[in-house]
Amino acid sequence: MAATGWQFAGKEPDAAKPNIILINLDDLGYGDVGAYGATALNTPNMDRLAKGGIRFTNGYATSSTCTPSRFALVTGVYPWRNKDAKILPGDAPLLIDTAQATIPKILKKAGYATGIVGKWHLGLGDGNTDWNKEIKPGPNQLGFDYSYILAATQDRVPTVYIENTRVVGLDPNDPIQVSYKENFPGEPTGKDNPELLKMKWHHGHDQSITNGISRIGYMKGGAKAKWNDEEMADLFLTKAQQFVVSNKSKPFFLYYAMQQPHVPRTPNPRFKGVTGIGPRGDAIAEADWCLGELLKTLEKEGILENTLIIFTSDNGPVVNDGYHDDAVEKLGSHKPAGPLRGGKYSLFEAGVRVPFITYWKGTIKPTVSDAVVCQLDLLSSLAHLAGQEAKGLDSQNYLDVFLGKSKKGRNELVIEASSRTALRQGDFVMIPPYNGPAVNKNVNIELGNAKEYQLYNVKTDVGQLTNLASSQPEKLKQMTDLLNEIQKGSPKRETGTIKLE
Ligand code: NG6
Ligand code: CA
């Protein structure tokens with residue numbers, strides 16, 4: 001098992017440590033934010049962070065899908081080292097070994113109060129979860145003092161909230177059952193009961209129905225506990241605000257994992273139509289508002305200047321991800337990926353290069369940074385900020401880059417998409433040959449698969465249009481060798497961070 005051999009060096013907790021809020025959106029694209037070039041929708045609060053902080057132009061998730069991306073973010077280990085780090089069903093067991101290093105675990109040792117609010121999607125339980133009992137292990141066993149989460153995604157059952165291992169509002173006389181294999185007799189599905197749907201499915205998403213929206217997976221019972229999709233954003237915001245207010249006297253770490261703009265897009269009616277580019281844009285506007293409200297809370301409590309805020313997204317954008325929700329029809333000129341090629345699920349840049357902003361009023365000087373930074377490195381960097389050190393992981397300490405004291409980011413980064421890997425090194429990206437379709441036709445996204453090697457200079461050719469593989473064979477060979485070496489965990493490597501047990 002990867003990375004249980006991490007070492008931890010602790011110092012005494014220090015009261016002067018800043019609060020840390022990590023905001024991770026779900027499927028927000030590089031081009032979805034005003035500060036990153038969006039003009040068809042307004043994101044004033046995201047822009048406020050970008051303009052008052054560091055806007056990274058080369059900020060990366062490690063993966064172009066959620067579970068592997070979040071696995072790396074929380075553990076500081078590359079997702080391709082764990083064969084189970086793939087998009088998980090809602091009844092999957094906890095993906096992270098409870099002995100593994102995690103951001104909350106390290107910060108807790110440094111004296112932080114730790115909480116997560118929002119989307120989890122890293123599995124729960126030991127493989128035989130009874131949703132009517134304590135659901136563990138989960139975030140509370142990985143270092144979070146407090147958790148208020150949805151188990152997987154908004155489009156997967158169980159469609160209920162879980163607070164500190166318990167389903168919220170569960171009526172014991174209406175127990176919850178979940179299956180990803182077969183339906184429960186007599187329960188309606190999106191496939192068989194289209195008359196019950198207010199949002200039609202396009203591909204997948206034809207199973208159990210909650211609030212007129214059919215999901216992935218089957219669920220029975222728990223009627224009173226089911227969430228209201230349109231109220232989800234307000235509820236998560238309230239829980240995030242409550243966590244901040246009740247922990248303002250100690251340093252706290254809040255992982256605020258907003259569910260927008262993942263499908264099903266269900267912005268509160270207050271946001272319906274505000275952007276004119278359909279529900280995907282409206283969901284982003286809603287997320288932006290939530291961010292603004294959270295900033296107001298920090299200001300009101302007088303702690304904005306003592307709080308480091310990191311704003312990012314788990315993977316790139318997708319417009320049609322399985323529902324007929326008008327997102328394609330109303331998109332107009334908006335480009336969720338900005339100038340990048342591909343999107344969610346892709347090995348091309350739009351899969352993994354995401355909005356990435358660090359903001360710390362009064363401490364971080366506003367700037368734009370072209371340094372390559374990755375969510376993988378937040379674990380070591382935040383550990384460092386809190387006076388701790390975690391060794392033996394892929395995660396490296398780039399605190400100076402995240403705080404704007406240096407613009408020397410990562411030289412090399414392995415990116416992943418559905419178990420395929422590619423390498424960014426310096427200005428270049430090398431994608432090895434992969435079988436499989438060039439385009440996922442359901443979602444209309446180029447996946448990066450090709451029979452030949454691909455090599456792009458993403459500084460001069462950010463849209464990855466000119467394949468340099470045949471004109472730069474030496475560079476190609478050097479990068480192919482390097483990718484192999486990193487993936488094998490070669491002991492020759494100087495960094496000492498690619499160490500496995
Ligand atoms: C896919 C789903 C997609 C989305 C994705 C996970 C189908 C056809 N598609 O399998 O809708 O749920 O998984 O998204 O079921 S992620 O952001 O959590 O990675
Ligand atoms: Ca996602």
Side-chain angles (χ1 to χ4, degrees), residues 22-30 32 60-74 79 84-92 95 118-124 149-159 180 189-191 199-208 210 213-218 229 255-266 279-280 283-284 287 312-325 327-328 336-337 342-347 350-356 375 415-420 437 439-445 447:
L22 171 58
I23 302 174
N24 197 15
L25 270 75
D26 196 359
D27 300 0
L28 184 76
Y30 191 81
D32 278 326
Y60 284 85
T62 48
S63 173
S64 64
T65 60
C66 175
T67 301
S69 169
R70 286 163 199 254
F71 173 82
L73 173 81
V74 171
D84 298 321
K86 304 193 166 81
I87 298 173
L88 292 177
D91 62 350
L95 176 64
K119 173 177 175 169
W120 177 238
H121 210 186
L122 290 167
L124 289 170
I149 56 169
L150 61 87
T153 58
Q154 206 189 323
D155 59 356
R156 281 175 176 73
V157 301
T159 45
Y180 274 74
T189 63
K191 186 162 185 258
M199 193 191 287
K200 307 268 183 241
W201 52 275
H202 175 273
H203 57 276
H205 307 94
D206 60 355
Q207 299 176 349
S208 285
T210 298
I213 304 170
S214 47
R215 321 272 165 154
I216 306 170
Y218 301 103
D229 292 88
Y255 176 25
Y256 183 17
M258 291 192 203
Q259 86 283 8
Q260 304 104 326
H262 195 281
V263 294
R265 292 147 189 151
T266 54
R280 188 174 179 281
I284 295 170
T312 189
S313 169
D314 68 341
N315 53 251
V318 53
V319 183
N320 177 349
D321 207 13
Y323 292 99
H324 289 283
D325 64 1
V328 173
K344 181 174 179 178
Y345 311 109
S346 180
L347 262 186
V352 283
R353 205 195 287 198
V354 286
F356 204 131
Q375 294 163 5
I415 56 180
E416 188 260 7
S418 310
S419 303
R420 300 163 293 144
V439 176
N440 176 330
K441 293 212 173 99
N442 276 331
V443 296
N444 192 23
I445 288 174
L447 297 174

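First listed ligand is number 1; within each ligand, the first listed atom is number 1. Nothing fancy with the numbering, it's 1 onward along the sequence.
Residue contacts with ligand 1 for Ile87 involve side-chain atoms from C-beta outward but no N, CA, C or O (heavy atoms, distance under 4.0 Å). Counting heavy atoms under 4.0 Å from ligand 1, residue Lys119 touches it through the side chain alone. At a heavy-atom cutoff of 4.0 Å, ligand 1 is contacted by the side chain of Asn315 but not by its backbone. At a heavy-atom cutoff of 4.0 Å, ligand 1 is contacted by the side chain of Asp27 but not by its backbone.
Listed by atom number, the atoms of ligand 1 under 4.0 Å from Asp155 heavy atoms are 3 (C), 4 (C), 11 (O), 12 (O). Near Thr153, the atoms of ligand 1 lying under 4.0 angstrom from a non-hydrogen atom of the residue are 18 (O). Under a 4.0 Å criterion applied to the non-hydrogen atoms of Asp26, ligand 1 contributes the atoms 17 (O). Ligand-side atoms of ligand 1 in range of His121: 18 (O), range being under 4.0 angstrom from any heavy atom. Interface of Ile216 with ligand 1, defined as ligand atoms under 4.0 Å from a residue heavy atom, comprises 15 (O). For ligand 1, the atoms closer than 4.0 angstrom to any heavy atom of Thr65 are 19 (O).
The environment of Asp84 atom CG is dense: over 12 non-hydrogen atoms of other residues, nucleotides or ligands sit within 6.0 angstrom. Heavy atoms from other residues, nucleotides or ligands lying under 6.0 Å from NZ of Lys191 number 12 at most.
Looking only at side-chain heavy atoms (C-beta outward), Pro336 and Val319 come within less than 4.5 Å of each other. By the 4.5 Å heavy-atom criterion applied to side chains, Asp27 and Asn315 are counted as neighbours. Two residues are said to be in side-chain contact when any heavy atoms from C-beta on lie closer than 4.5 Å; Arg265 and Tyr323 fail this criterion. Counting heavy atoms from C-beta outward, Val157 and Gln207 have side chains that stay 4.5 Å or more apart. Counting only heavy atoms from C-beta outward, the side chains of Arg353 and Ile415 never approach each other to under 4.5 Å.
For the pair Asp314 and Ser69, the tightest heavy-atom approach, listed with the atom from each and the gap, is O-OG, 2.6 Å. Tyr255 and Asn24 get closest at one heavy-atom pair: OH-ND2, 3.5 Å. The heavy-atom pair separating Ile87 from Pro68 by the smallest distance is N-CD, 4.3 Å.
Nearest protein neighbour of atom 9 (N) of ligand 1, counting heavy atoms only, is His205 CE1, 3.9 Å. Considering only non-hydrogen protein atoms, atom 8 (C) of ligand 1 sits nearest to His203 CD2, 3.4 Å. Shortest contact from atom 17 (O) of ligand 1 to any protein heavy atom: Lys344 NZ, 2.9 Å. Of the protein's non-hydrogen atoms, the one nearest atom 10 (O) of ligand 1 is Arg156 NH2, 3.5 Å.
Closest approach between the Ca ion (ligand 2) and any N/O/S atom of Asp314 involves OD2. The N, O or S atom of Asp27 lying closest to the Ca ion (ligand 2) is OD1. In terms of distance to the Ca ion (ligand 2), the nearest N, O or S atom of Asp26 is named OD1.
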Assess whether side chain to side chain contact (heavy atoms under 4.5 Å, CB included) is satisfied between His121 and Ile149, documenting all intermediate values. CA-CA 9 Å; His121 210 186; Ile149 56 169; over 6 Å; no

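At a cut-off of 3.0 Å, Thr153 is not counted among the residues with an N, O or S atom near the Ca ion (ligand 2).
Each of Met258, His262, Gln154 was evaluated against Lys119; a single residue qualifies, His262, per the side chain to side chain contact (heavy atoms under 4.5 Å, CB included) test.
Under a 4.0 angstrom heavy-atom cut-off, Tyr345 registers as being in contact with ligand 1.
Considering Cys66, Ser64, Ser418 only, the shortest heavy-atom separation from atom 16 (S) of ligand 1 involves Cys66.
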